[in-house]
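As the structure is a prediction and not an experimental result, all values here were calculated from the model.
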Amino acid sequence: MKREGFQSRIGFLFVSAGCAIGIGNVWRFPFVTGQNGGGLFVLLYLVFLLCMGVPVLTMELAVGRASRKSAVLGYKELEKPGSKWHIHGWFCILGCYLLMMYYTTVAGWMMSYFFRFLTGAFDGSTDTGAAFGELLGSPLTMGAWMAVTVIAGFFVCSRGLQKGLEKISKYMMSALLVLIVVLAVHSLLMPGAGEGLKFYLVPDFDRVAEVGVGNVVTAAMNQAFFTLSLGIAAMEIFGSYMGREHTLAGESVRICALDTFVAIMSGLIIFPACFSFGLEPDAGPSLIFVTLPKVFVNMAGGRVWGALFFLFMSFASFTTVIAVFENIISFAVDMFGVSRRKAVIFNAVILLIASLPCVLGYNVWGDLRFIGGRDVLDSEDFLVSNLLLPIGSLIYLLFCVTRFGWGFDNYYKECNEGDGLKLPRALKPYFQFILPVLIVFIIVQGLIG
């Protein structure tokens, strides 16, 4: 059966960027930027994004485009006879499942808050901390929104690549980009917004000295590396669908640009709004579900602005969900020869069940602790973010640049096929000797940090 491909270049870029753009762009990037020297951190982040993120992204896409297959079969198509690189493909799919086991729950939180603002459930008298606590304490409510996310995601993917994933991603990403600009402009026009903007983007060398230059560099390196969700074949699958008209380096830079635009604009929404109301921006869930709702319920037209913000967040999380679902479905179709419909139904049931521990981990199983005393969600996230993503990226890198794998010449040829930005051959020593060391540093730092 002929492999389906993207209908348009913009479809590929929006689907791929939608996979990369996620919740971490909004609640992690702005806060980390503010805490690590503002504009200086952003500059370092962009440097590391080009030095680390773009190269590994081209490698995932190259394996996909050259093989025209999903994770395991992609490796099998390109590896030397008798080698075992394809074993990593199974870990990639494990990573996709594990990511969705908690990401669907958090995406459900976003949808829940969108409807609560839309229907006027939040007002000036709402205790936003208590409201979030009530959500976490209700397995029925959280489970219902998780189920809506899973079922809606697999329904979109059941329509196929062009009519489902690509079509919906075009609409959602277009709306996301419009929403984020509107929300940012509104925040920047608030009284006292300048203080938030200063905290966020103006280089603060005193803060850099306080945090430590080494820590700022490490934070920028980590953010640049993890923002693209590399290492679990989430991007490789889209390489298998794309055409050969454009170079992979050029397309990778465009994906990174969209991802970075959303991350930076998120800060322009969050910090001016928080500082305008005299609230300290926190990191993680408390920022999105406690601090920002407190801002919205106290501002003029807050019901509308709150609904728009959580609509934007719902789009950001849902585009990631459907992109990873597509990888899981494509894997089942390629590996086991089942129809897309059967793959959708089977995996929807699996993920509805597999996502329950995360839902129950905040209430019924609230006392359970796993890796380093972490709860269910944080333990699942630790396995994905600190192990599967960086180790997977290192394996893709070694596969593409060493003679034991696919080999640099094959990767180089695939990467530069088409029109656009070409990868210089002079980078070969950097890819073979320096980039692996940087990724190993991230792995070690993530495990001991």
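Residue Lys422 qualifies as enclosed at atom NZ: its count of foreign heavy atoms under 6.0 Å is above 12. At most 12 heavy atoms of other shown residues, nucleotides or ligands fall within 6.0 angstrom of atom CZ in Phe155.
Between Phe408 and Tyr412, the ring-plane angle classifies as parallel under the 30° and 60° cut-offs. Ring pair Phe325/Phe154 is parallel by interplanar angle, where below 30° counts as parallel and above 60° as perpendicular.
By the 4.5 Å heavy-atom criterion applied to side chains, Leu292 and Trp27 are not counted as neighbours. Here the side chains of Phe404 and Ser83 are not in contact, with every heavy-atom distance at 4.5 Å or above. The closest side-chain heavy-atom distance from Tyr102 to Asp381 is below 4.5 Å. Side-chain contact between Cys19 and Phe238 is present, with heavy atoms from C-beta onward closer than 4.5 Å. Val26 has its side chain within reach of Ile270: a pair of non-hydrogen atoms, C-beta onward, lies under 4.5 Å apart. Side-chain contact between Phe91 and Ile395: absent, with no pair of heavy atoms (C-beta onward) separated by less than 4.5 Å. At a threshold of 4.5 Å between non-hydrogen side-chain atoms, the residues Val208 and Phe41 do not count as touching.
Atom CD1 in Ile269 sits 11.0 Å away from atom SG in Cys274 (nearest 0.5 Å). Atom CE of residue Met100 and atom CD1 of residue Ile350 lie 15.5 Å apart, to the nearest 0.5 angstrom. For the atom pair CE (Met111) and CG (Leu118), the distance works out to 13.5 Å, reported to the nearest 0.5 Å. Atom OG of Ser240 sits about 12.0 Å away from atom CD of Glu77, to the nearest 0.5 Å.
Counting only distance, with no hydrogens or angles, the side chain of Ser187 and the backbone of Ala184 share no donor-acceptor pair below 3.5 Å. Between the side chain of Ser138 and the backbone N or O of Leu135 there is no donor-acceptor pair closer than 3.5 Å. A donor-acceptor pair is defined here as one N or O able to donate and one able to accept, closer than 3.5 Å; no such pair exists between the side chain of Glu245 and the backbone of Gly418. Distance alone, capped at 3.5 Å, places no donor-acceptor pair between the Gln432 side chain and the Thr402 backbone. Between the side chain of Arg68 and the backbone N or O of Gly64, no donor-acceptor pair lies under 3.5 Å. Checked by atom type and distance alone, the side chain of Glu166 pairs as donor or acceptor with a backbone atom of Ser8 at under 3.5 Å. Between the side chain of Asn363 and the main chain of Leu136, a donor-acceptor pair closer than 3.5 Å is present. The backbone N or O of Arg403 lies less than 3.5 Å from a partner atom in the side chain of Lys80, making a donor-acceptor pair. Distance alone, capped at 3.5 Å, places no donor-acceptor pair between the Tyr362 side chain and the Asp375 backbone. A donor-acceptor pair under 3.5 Å is formed between the side chain of Asn410 and the backbone N or O of Trp406.
A side chain to side chain donor-acceptor pair (under 3.5 Å) with Tyr241 is found for one member of Glu4, Glu326, Gln162 and no other, namely Glu326. Here the options are Arg65, Arg9, Arg244, the test is salt bridge (charged side-chain N to carboxylate O under 4.0 Å, His left out), and the partner is Glu251; only Arg9 passes. For the pairing with Asn25, the side chain to side chain donor-acceptor pair (under 3.5 Å) check across Thr320, Asp259, Thr260 returns one residue only, Asp259.
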Criterion side chain to side chain contact (heavy atoms under 4.5 Å, CB included) on Ile328 and Leu351, from CA distance to verdict: CA-CA 11 Å; Ile328 292 171; Leu351 274 168; 4.1 Å; yes
Determine, stepwise, if the pair Glu236 / Lys69 fulfils salt bridge (Lys or Arg N to Asp or Glu O under 4.0 Å). CA-CA 9 Å; Glu236 182 199 332; Lys69 292 178 172 63; over 6 Å; no
Please test Asp409 against Arg425 for salt bridge (Lys or Arg N to Asp or Glu O under 4.0 Å), starting from the C-alpha separation and ending with a verdict. CA-CA 9 Å; Asp409 289 343; Arg425 181 173 280 276; 3.1 Å; yes
Please walk me through it: do Leu161 and Val15 pass side chain to side chain contact (heavy atoms under 4.5 Å, CB included)? CA-CA 10 Å; Leu161 178 67; Val15 169; 5.8 Å; no
Before giving the answer on side chain to side chain contact (heavy atoms under 4.5 Å, CB included), spell out for Gln223 and Phe48 the whole-Å C-alpha distance, their side-chain angles and the decisive distance to 0.1 Å. CA-CA 9 Å; Gln223 183 66 30; Phe48 285 122; over 6 Å; no
Working for side chain to side chain contact (heavy atoms under 4.5 Å, CB included), residues Leu438 and Ile442: CA-CA 6 Å; Leu438 294 177; Ile442 288 177; 5.8 Å; no
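Between the side chains of Ser70 and Asp334, at least one donor-acceptor pair of N or O atoms lies under 3.5 Å. Using modelled atom types and a 3.5 Å distance limit, the side chains of Thr149 and Tyr103 yield no donor-acceptor pair. With no hydrogens or angles considered, no side-chain donor-acceptor pair links Asn416 and Thr247 at under 3.5 Å.
Between Pro139 and Val364, the shortest heavy-atom distance links the atoms CG-CG2, 4.2 Å. Nearest approach of Asn215 to Asn36, heavy atoms of both residues: O-OD1, 4.2 Å.
Taking the six-membered ring wherever Trp is involved, the centroid distance between the rings of Phe310 and Phe114 does not fall below 6.0 Å. Here the two rings, on Tyr396 and Tyr75, have centers that are under 6.0 Å apart. In this structure, Trp145 has its ring center at least 6.0 angstrom away from the ring center of Tyr113. A distance of 6.0 Å or more separates the ring centres of Phe309 and Phe117.
Both the sub-6.0 Å distance and the 45° axial angle are satisfied by Arg207 relative to the ring of Phe199.
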